[in-house]
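Notes to accompany the following structure.
Every chain is numbered from 1 and lettered A, B, ... according to where its sequence line falls, protein lines coming before strand lines.
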Protein chains: 2
Amino acid sequence: MLDLVIIGGGPAGLTAGIYAQRYMLKTVLLEKQLVGGQVQLSDVIENWPGIKSISGMELSERFEDHAKSLGLKIEYGEVTGIDERDGKRVVKTTDGEIETRTVIVATGARPRELGVPGEREFRGKGVSYCGTCDGPLFRGKDVLVVGGGDTAIKEAIYLSKLVNRLYVVHRRDQLRAEKILQERAFSIENIEFKWSSLLTRIEGKDGVERAIIHNKKTGKDEAIEVEGVFIFVGIVPNTEFVDVEKDEWGFIKTNQRMETSREGIFAAGDCRATPLRQITTAVGDGAIAAYMAEQYVARMG
Amino acid sequence: MLDLVIIGGGPAGLTAGIYAQRYMLKTVLLEKQLVGGQVQLSDVIENWPGIKSISGMELSERFEDHAKSLGLKIEYGEVTGIDERDGKRVVKTTDGEIETRTVIVATGARPRELGVPGEREFRGKGVSYCGTCDGPLFRGKDVLVVGGGDTAIKEAIYLSKLVNRLYVVHRRDQLRAEKILQERAFSIENIEFKWSSLLTRIEGKDGVERAIIHNKKTGKDEAIEVEGVFIFVGIVPNTEFVDVEKDEWGFIKTNQRMETSREGIFAAGDCRATPLRQITTAVGDGAIAAYMAEQYVARMG
C-alpha cells in the first residue's frame, strides 16, 4: 500500500512530490495528460523568484527533472473518485484502484468558457484558450482577446508580436492585470482596447470570420473582422471528481494546513480556495500538503 | 508617501518586493543586516523546486538580483515599531519615521538559545548557531551538535566533513528531520548519536573544552571533550517590535490572506504562525501579502 497519491503534476503536485521523496513516503504522482500543468502553456514567466525570465515549458521541465531525480514515480491516468475503506483512501482511476494512506489533490484548473454562440462550434477553428499553443497559426492575421486579468494581458502582449492587429475586449473600463503588464500593453501600437464591452457572438463559415461585441455604455453592437478569438476569462477548478467541501465556484476549501473536509485528503495549488493563484503559492501549498501527509502517516503508524 | 514598506529581506520579503514592483506599488524594503535572511546561512539547499542543489548564498543572491532588476528599493535600518496616524501606517526606525499605506512584516526568525550555563559565556568562543558560518574554525577538531530537526541534521552532515568527531545530542530517541537526511546522517562514520540526552552545561577556560550531557533514560551524566558546540533547537520569531496578535511563541497570527489583527499590516514567511517554514512557503506567503497590499491600496485610493 502507498503512503501518498498526488493527483496532478503541476507545480503544486511536483513540489509535493519533491518533499514526499525527501520524507521517504511511498508515493505515486498521477497525471492525466502532461506533467507541468498550466505553467507549461505560459510563454514567459517573470515572477518566479530568482529567475528574471523563463519559458513556462522550461520551468516545468526543471520541476519535473528535480522530482524525478529524487525518484518520484509518475504514472498516467485519470482519477474518477476517492473512496474510503478500512480507514484508508482508495483512489479510483480509469485503470483500476490504488490503496493509499493519504491523497493530495493538486489538479489545478482549466480555462473558463465564455458561453457565447459560436464558441464551441469554432473551438480549434479560430477559438483558442492558449496563446502560446495556437498563436503561431495567426501570424499576420487580426485577432481578438477577451479578458482583462494577468493571463489575458500577458497573452495579448505575446500575441501582438505575431499578429497584425489585436483587439482586447474587456467588460470593465480598466484592466485588472498587474500594472507592469498594463503599461506594457498600453505601449504596444497594434493593440486596440474595446472597453466596457462584451463578446456576444462568434461568426464564420469554416473558421472564425468575425466577432460581435456589445458596448455596455453606448448600448451599440459592433462587428470586428478577426480570424482568431482568444478567451481568458478566468478558470474552473478540476475538482468535479472529488467529494469534499468546496466554495461556490468549486475550489476546494482547506485550512492553513491544506486539510480538506475529509481525513487524509489534502489539497494544494490552483484547485484550492485561495486568494491568489501563482507558481509561488502553488509550491508553498505543495510543500505544506506533503508535510501534513507525512505527519498523518507517522501518526497512523 | 509610500504604498508599502516591507520589513525584512529574506525570501518572503524579496518575493513580496518582486510582486510589489510588478504591481507598481511605491515600495521600500527595509533590512536590518544582510539581504537574504536565514537562507544565506544554509550550506546547501536541495528542496527549492527546479534546482537540485544550490548554496543558500547563491539562491539568496538570485532572489536579490531579481528584485533589484525590477527596481525594488532596499534600505538598511532597524524597525522599532509601527504606529497608526490618519488611517496610515507609520514605520518607526532607528533613523526616523516612514509613512506608508501598508506594511508587510517579513522579519523571519533567529536561532533559539538553549539556556544552559556556559552558552552565553562561550558564544563566539566555541558556541555557535551556524555551521556554515563557523564550521571552518573547527577543522579536524571534535564538536557536538544539539538538536534533531532538519536544521540540526543538515548542519551535522555539513560539519562532519570538516571535523574529526561529531556528536549529535538529541532529547528524544529518534530524529524529527526529513527521512532522507536521517539516512544520510546514519551512514556517516564520524557522527555518533547521543539519544535521549540533554546538554546541561558547557565548560572551558578561554574557549569550549567540554560539554556535559545528561541521559534521561539512565539518569547518568557524561562529559564529552569537544571544542565546538553547535545549537539548533528551534527558532524565535523576530516580532517583538510589532504589536499584533501572536501565538504563544510570538509568531504572528494571520488568516489565509496574510492579514494580521491590524488593518494594513500583513505578515509573511517564518515570522508567521504557519505549520511549515520553508523557502517554498515563504515565497507563497510573500506573493499573497503583496497582492493583498495592492488590493488594500487600490481600495483606499
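A donor-acceptor pair under 3.5 Å is absent between the side-chain atoms of H66(A) and the main chain of N47(B), judged by distance alone.
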For this session: Determine, stepwise, if the pair M24(B) / Q182(A) fulfils side-chain contact (heavy atoms from CB on, under 4.5 Å).
Result: CA-CA 10 Å; M24(B) 294 194 171; Q182(A) 295 191 26; over 6 Å; no
For this session: Decide yes or no on side-chain contact (heavy atoms from CB on, under 4.5 Å) for L181(A) and R22(B), but give the supporting numbers first.
Result: CA-CA 8 Å; L181(A) 293 173; R22(B) 294 183 61 83; 3.9 Å; yes
For this session: Could you please spell out the steps behind the side-chain contact (heavy atoms from CB on, under 4.5 Å) verdict for Y19(B) and Q278(A)?
Result: CA-CA 11 Å; Y19(B) 275 77; Q278(A) 297 279 299; 2.6 Å; yes
Exercise. Between L70(A) and E46(B), does a side-chain contact (heavy atoms from CB on, under 4.5 Å) hold up when you go through it step by step?
Worked result: CA-CA 10 Å; L70(A) 291 165; E46(B) 299 179 329; over 6 Å; no
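Between I18(B) and P49(A), some side-chain heavy-atom pair lies under the 4.5 Å cut-off.
With respect to chain A, the highest number of heavy-atom pairs below 4.5 Å among S60(B), G50(B), P11(B) belongs to G50(B).
Rounded to the nearest 0.5 angstrom, L276(A) CG and R257(B) CZ are separated by 12.5 Å. Rounding to the nearest 0.5 angstrom, the gap separating the CD atom in Q21(A) from the CD1 atom in I180(B) is 8.0 Å.
Interface remark: R272(B) contributes side-chain atoms only to the contact with chain A (heavy atom separation under 4.5 Å). No part of A298(B) comes within reach of chain A, as not one of its non-hydrogen atoms sits under 4.5 angstrom from that chain. Only the side chain of R184(B) comes within less than 4.5 Å of a heavy atom of chain A; its backbone N, CA, C and O stay farther away. Proximity to chain B (any heavy atom under 4.5 Å) is shown, for E64(A), by neither the backbone nor the side chain. Of the two parts of I51(A), only the backbone, made up of N, CA, C and O, holds a non-hydrogen atom closer than 4.5 Å to a non-hydrogen atom of chain B. Within the 4.5 angstrom heavy-atom criterion, only side-chain atoms of Y291(B), from C-beta onward, approach chain A.
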